[in-house]
Trainee: 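The structure that follows is given in the form of structure tokens.
Below, chain A is the first sequence line, B the second, and so on; all start at residue 1. In this text, all values refer to a predicted model and were calculated from it rather than measured experimentally.
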Protein chains: 2
Amino acid sequence: MLQQITGGVCAARGFRAAGLHVGVKTHNVNKKDVALIVSDTDCAAAAVFTKNVVKAAPIHVTKNHLADGKARAIIANSGNANACAPGGEDNARRMCEAAAAALGCKGEDVLVASTGVIGQPLNVGAIVEGIPTLCGLLEQSAEASDAAACAIMTTDTVKKEAAVETTVGGKTVRIGGIAKGSGMIHPNMGTMLCFITTDCAISPAMIKEALLETARVSFNRISVDGDTSTNDTCCVLANGLAGNPEIAEKGVDYDAFASALQELCVQLARKMAKDGEGAKHLITCTVKGAENEAQAETVSKSVIASTLTKAAVFGCDANWGRVLCAMGYSGEQFDPEHVDVRFASRAGTILVCEQGRGLAFDEDLAKKILTEDEIVIDIVMGEGNGSCTCWGCDITYDYIKINGDYRT
Amino acid sequence: MLQQITGGVCAARGFRAAGLHVGVKTHNVNKKDVALIVSDTDCAAAAVFTKNVVKAAPIHVTKNHLADGKARAIIANSGNANACAPGGEDNARRMCEAAAAALGCKGEDVLVASTGVIGQPLNVGAIVEGIPTLCGLLEQSAEASDAAACAIMTTDTVKKEAAVETTVGGKTVRIGGIAKGSGMIHPNMGTMLCFITTDCAISPAMIKEALLETARVSFNRISVDGDTSTNDTCCVLANGLAGNPEIAEKGVDYDAFASALQELCVQLARKMAKDGEGAKHLITCTVKGAENEAQAETVSKSVIASTLTKAAVFGCDANWGRVLCAMGYSGEQFDPEHVDVRFASRAGTILVCEQGRGLAFDEDLAKKILTEDEIVIDIVMGEGNGSCTCWGCDITYDYIKINGDYRT
């Protein structure tokens, strides 16, 4: 019933988007740096944010604007994080007010997010001046979603979009999203922005519930470099234009919506992990047979966050000892002598460690498996029935290059 | 009163050492792979180990042999971790028994440690066969300590030794040590081995106490890559030949010994951090003005472990935003608007963030400061009087190269 569709944040009824270069990014006028997403009608809205104690200014403003669970639009810039910089909250509010004036709504109906360098003053004047032009570009099309997706990219190498269609309460409901990731990505929201739109009719309380549960099993299960950013934000707008009976409580309709939202967010999360700064491999770590889901999650996150495991995957080296080692320092108690480890990809599957002991395995096959761009580290623990999947990427020369001189 | 001296593990009276290539490292016959350290008389002995759930076999054997708080010798190999490999404990015991037979003591009097690749069978035959030759090389000299220090190196680029002399109970007491570090180094014992010898007369209970307290503020405050290994071991042997009244309780003598031990271990810890795999910079992170020491330690460790901060230091980029960000996700609660950050080195000191806000600073001076091989990230928090210093290193292309293909 769940179908992949096109259109990104413009897939759902009544949503328009645009992206534009206004001058926050000073290096290259071809790089868009402001995105706008607008609903034709009021939306139930919710967001989840970074848990970093140091929070960027737009997060405080967006939280405030979501107090009533309603919103109409999202404005976001790349190129500057508007974090630890003078006048941050004033600048974030100015972005909302300028967008609201051009759209004919209230400043409180606009959510705001930023991504980029920390600690430098935001050129808010360029954004405010650019907003009328940006509004003129608004349209409901795949191209417009693309433009918005490009406008939130920093070191991302590809734009990240997805959209799905499902049936809720007898009506066709669409959910679409754009995201950016790349660096500073770690469980509990990395430096990621994600904006989701849906035409599902759902109450503010239920959309928040669905977003929290979804973030837990998608964005909070990816890691690029273990650094949790100051700016992470995932917002969802639901305008109800699908005409389904409004979801106001849990039940069949909620489940149908939530499972489609989860599918969408897992797709976007995988895209973020795969496009981690400098990454050559998407690493999926599946843990089965853990004591419970929480243990499986802790172990899986420890493996995908291990710098040594990431370096081994970069080298296409079946160094399962580092996998076992990362499991061991995860903080979880388990019996290493019940652990099996397999590496898998499109090229095949190979058992490399059985009951905690290394096997003599076909090194050529292992190399072939690990040379694929999407690889799986498959762990079976023998402690119980808990399972979890997390996503990460390898660490490469390019990661060091990108981050050795990001600021200048 | 505390003086730096030469001689490493042979600096203290009655200790001999040797290092030899026996064939555990198969790539290069010039690389020593077995070290032996022996006291002429029985020693009070203690050790601290990795907290990783997956522990290498020698750790179980050494723990067992330390049950009586006594030992005579330490045997260690590099090139193979003897972890997650068949027959691990038997092999570790065989190393002890072969050394004991050659030295004329009991197997239980010998401590054992290994470092190298995880999950491959240890060539214990080569070690056992080599032990008579190794014993023939034993001598008390700086060269012999050097040979033992070289024999425990893996990806280390320099051998790590230190020795100090102090006065305890009116007698001159010497403490010396060798160590290896390099990869998989993280608070709570990275992949590090450290062997310490002293001629101080001290009870098993007090040497253990002194070692635990020292490890907490030295080895447990360094991070290379956030990976905690399966093999970390730090052993100390105290033979009492200095002739001081035996330290059997806390007091002036204990304090004098413990502070000398701490000085020695901080020196060795700094050497490990500076020689982290591929490292170009030693990073010292000092945190002052924290609520208490525990908060200062958590914040400082978070900064030195941040991959993004490490990459910025590699690029000599004064990206203090990443420092603030790493403080923020440390898990500690504090007010970011009370934080000052300075970068310092032999080339000078520069304030880059004051009260949580970026300053316009001299980029040329900042670059000059960060180009030095030892740099300090100096953080003042304004929360209280807690302080802590931790040590780490930058992450470089060479780290990726070394770890992309370590196993093969």
Trainee: Which one, A81(A), P336(A), G331(A), leads in non-hydrogen pairs under 4.5 Å with chain B?
Mentor: P336(A)

Trainee: T396(B) versus chain A, heavy atoms under 4.5 Å apart: side chain, backbone, both or neither?
Mentor: backbone

Trainee: Apply salt bridge (charged side-chain N to carboxylate O under 4.0 Å, His left out) to E354(A) and list each qualifying residue two or more places apart in sequence or on a separate chain.
Mentor: none

Trainee: Which answer fits E337(B), side chain, backbone, both or neither, if we ask what part of it has an atom under 4.5 Å from a heavy atom of chain A?
Mentor: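 E337(B) has no heavy atom closer than 4.5 Å to chain A.
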
Trainee: Taking every non-hydrogen pair under 4.5 Å, which of G358(B), A83(B), G119(B) racks up the most with chain A?
Mentor: G119(B)

Trainee: Return yes if some donor-acceptor pair links the side-chain N/O of R322(A) with the main-chain N/O of L308(A) below 3.5 Å, else return no.
Mentor: yes

Trainee: Got a sec, which residues hit side chain to side chain donor-acceptor pair (under 3.5 Å) with Q355(A), two or more places apart in sequence or on another chain?
Mentor: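 Here the qualifying residues are D340(A).
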
Trainee: Has K310(A) got a side-chain atom pairing as donor or acceptor with C393(A)'s backbone, closer than 3.5 angstrom?
Mentor: yes

